[in-house]
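Scroll down for the structure; my scribbles are underneath it.
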Amino acid sequence: MSSTHTPPQTMGQQYGRRSWAEPWKIKMVEPIHMVSREERARAIEAAGYNTFLLRSEDVYIDLLTDSGTSAMSDRQWAGMMLGDEAYAGSRNFYRLEEAVQTYYGYRYVVPTHQGRGAEHLISQAVIRPGHFIPGNMYFTTTRLHQELAGGTFVDVIVDEAHDPTDLHPFKGNIDLDKLTALIERVGAAQIPYVSLAGTVNMAGGQPVSMANVRAVRELCDRHGIRIYLDATRLVENAFFIQEREEGYADKSIAAILKEFCSFTDGAWMSAKKDNLVNIGGWLAVNDEEVFDLARNMVVIYEGLHTYGGMAGRDMEALAIGIEESVNDDHVASRVGQVRYLGDLLTEWGIPIVQPVGGHAIFLDAKRFYPHMPQDHFPAQTLAAELYLDSGVRSMERGIASAGRDPQTGENRYPALELTRLTIPRRVYTQAHMDVVAESVKAVFDGRATTRGLDMVYEPKYLRFFQARFARR
Ligand code: P70
């Protein structure tokens, strides 16, 4: 060995600390394999350059989403055997109801098949035509349900959220001045609720501080406005509060989660994320009148109010998943893995949204492809290029996702043009993250000659799911 040889270092050693590892070991495995470059080229063309239209068999490492893609624990699988598949009054529903009440603290629970089912119920229950719904950045399905109920979404997130390089520790915060200005402009009576998301998906998984939700509560109390929470990734939000906000370092994730919820009037949940199940959701509120409406409506759209579209076994796995999701070691390792990938890319000078959020790395496609106009779909292009390079599947979160303004029919041009590498919970290893990082680097190194895409088929609703593209 030559004298210039440097011994390899573990991740911990590179950062001058002891390494940590996941608080689980693997009991069952699912084989995956990489298809050839020719097959990938064929597959992405057949998919119209839209990663939502790829077959998962053609994917090597699937970072499309963290939704419904987590690994369940042995306890959850055991719970599946305890499914009580009664049409009405399933024992598993009462377990789920109790878990939501215990960990989130709301009084009434309505089960739904997934998050958008709950968004539909709350939107139809409280939004009337002409209403305005302020929120900390839009989410695709959330905003569409608000619009379909006759409302207009108004973005009141802090300006920092729209700048991928700003290092603000709580880029998910609501700007109280923007919210006050909206209340003064349209009147509190026209605002059925503030739509607050814990870790803001479209901003890069950015958290909301406890101080902010407390202040929003005070403001809303003065005007008699409710606050409903998108609790989809609120556990991860609690982690950032524990890490970054004064006075919370010694509080548990569970305690922080419950305190946060206490400032709100209810929440909708895509249980496919934080709650560690493959399917499921819920709506929970404190107001009995809103509950009555939602519980009545659930039987039209989802199923009886004690299953809401889930099987009994799904509700049991969900009740257990809620308990597991607030485990401090679990959350630290989950966010730690996302950060591991983010640190590699940051060190290599690849433009990503900073600070790294809770569930994903968001590549900044505008800075990745500075030569490409937004009309040529840089983030969509980047997702296709990554797949071509290595079979890694990611998701566009830019102009295709933003869709068109329902009034004018014009394209919306979001400030953020991002490609999301979303990490499922308890699924991939550090070695997978290394493969992903190297692929991003390879695509980055080849960026100068990359050309964009044209949209050749555009569906009316949530176009990004089914749109088709062609190479320019
Ligand atoms: C994702 C998924 C779902 C989601 C969410 C937040 C903050 C509600 C929902 C809806 C799936 C998805 C959805 C739309 C576009 C792309 C991907 N997010 N609120 O991958 O919940 O899917 O259960 O109906 O993130 O981010 P659900």
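Indexing begins at 1, ligand by ligand and atom by atom, following the structure's order. Source: prediction; values computed, not measured.
Ion pair Arg233/Asp66 flagged as a salt bridge, since at least one NZ, NE, NH1 or NH2 atom sits closer than 4.0 Å to an Asp/Glu carboxylate oxygen. No salt bridge links Arg468 with Glu45; every basic N to acidic carboxylate O contact stays at or beyond 4.0 Å.
Taking the centre and axis of the six-membered ring of Phe464, the NZ or CZ atom of Arg397 falls inside the cone set by 45° and 6.0 Å.
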Legend entry - Derivation and outcome, side chain to side chain contact (heavy atoms under 4.5 Å, CB included), residues Leu63 and Ile361: CA-CA 10 Å; Leu63 306 185; Ile361 299 301; over 6 Å; no

Inset, instruction - Take Arg116 and His145 through the side chain to side chain contact (heavy atoms under 4.5 Å, CB included) test and state the conclusion after the steps. - result: CA-CA 8 Å; Arg116 68 199 74 175; His145 279 297; 3.9 Å; yes

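Judged by distance alone, the side chain of Lys171 and the main-chain N or O of Gln354 form a donor-acceptor pair under 3.5 Å. The backbone N or O of Glu160 sits nowhere less than 3.5 Å from a side-chain atom of Asp163 that would complete a donor-acceptor pair. When atom types are taken as modelled, the side chain of Glu245 and the backbone of Phe240 share no donor-acceptor pair closer than 3.5 angstrom.
For Ser123 and His120, the side-chain atoms include no donor-acceptor pair closer than 3.5 Å. Side-chain atoms of Tyr248 and Glu259 include a donor-acceptor pair closer than 3.5 Å.
The proximity of Glu396 to ligand 1, defined as any non-hydrogen pair under 4.0 Å, does not occur for either the backbone or the side chain. Residue contacts with ligand 1 for Arg420 involve side-chain atoms from C-beta outward but no N, CA, C or O (heavy atoms, distance under 4.0 Å).
For Lys273, the heavy-atom gap to ligand 1 drops under 4.0 angstrom. Under a 4.0 angstrom heavy-atom cut-off, Met269 registers as lying outside contact with ligand 1.
Set against the non-hydrogen atoms of Thr65, the atoms of ligand 1 under 4.0 Å away are 1 (C), 20 (O). Of all atoms in ligand 1, listed by their number and element, those nearer than 4.0 Å to a heavy atom of Phe465 are 13 (C), 14 (C), 15 (C), 16 (C). Residue Lys272 approaches ligand 1 through these ligand atoms, each under 4.0 Å from one of its heavy atoms: 23 (O).
The nearest protein atom to atom 9 (C) of ligand 1, hydrogens excluded, is given as Phe139 CE2, 3.6 Å; this is a heavy-atom distance. Looking only at heavy atoms of the protein, atom 15 (C) of ligand 1 is closest to Phe464 CE1, 3.2 Å. Counting only heavy atoms of the protein, atom 16 (C) of ligand 1 lies nearest to Arg397 NH1, 3.5 Å. Nearest protein heavy-atom contact of atom 10 (C) of ligand 1 is Thr141 OG1, 3.5 Å. Counting only heavy atoms of the protein, atom 27 (P) of ligand 1 lies nearest to Gln114 NE2, 3.3 Å. Ranking protein heavy atoms by distance to atom 6 (C) of ligand 1, first place goes to Asp230 OD2, 3.3 Å. Of the protein's non-hydrogen atoms, the one nearest atom 8 (C) of ligand 1 is Glu119 OE2, 3.0 Å. Summary of contacts: the protein heavy atom closest to atom 22 (O) of ligand 1 is Arg116 NH2, 2.9 Å.
Across Thr140, Asp66, Thr142, heavy-atom proximity to atom 14 (C) of ligand 1 is greatest for Thr140.
None of Lys273, Arg425, Arg339 except one satisfies the salt bridge (Lys or Arg N to Asp or Glu O under 4.0 Å) rule with Glu236; the exception is Arg425.
In terms of polar-atom proximity, Gly115 is counted as a contact of ligand 1, with an N or O under 3.5 Å from an N or O of the ligand. Of the polar atoms of Arg233, at least one N or O is found under 3.5 Å from an N or O of ligand 1, judged by distance alone.
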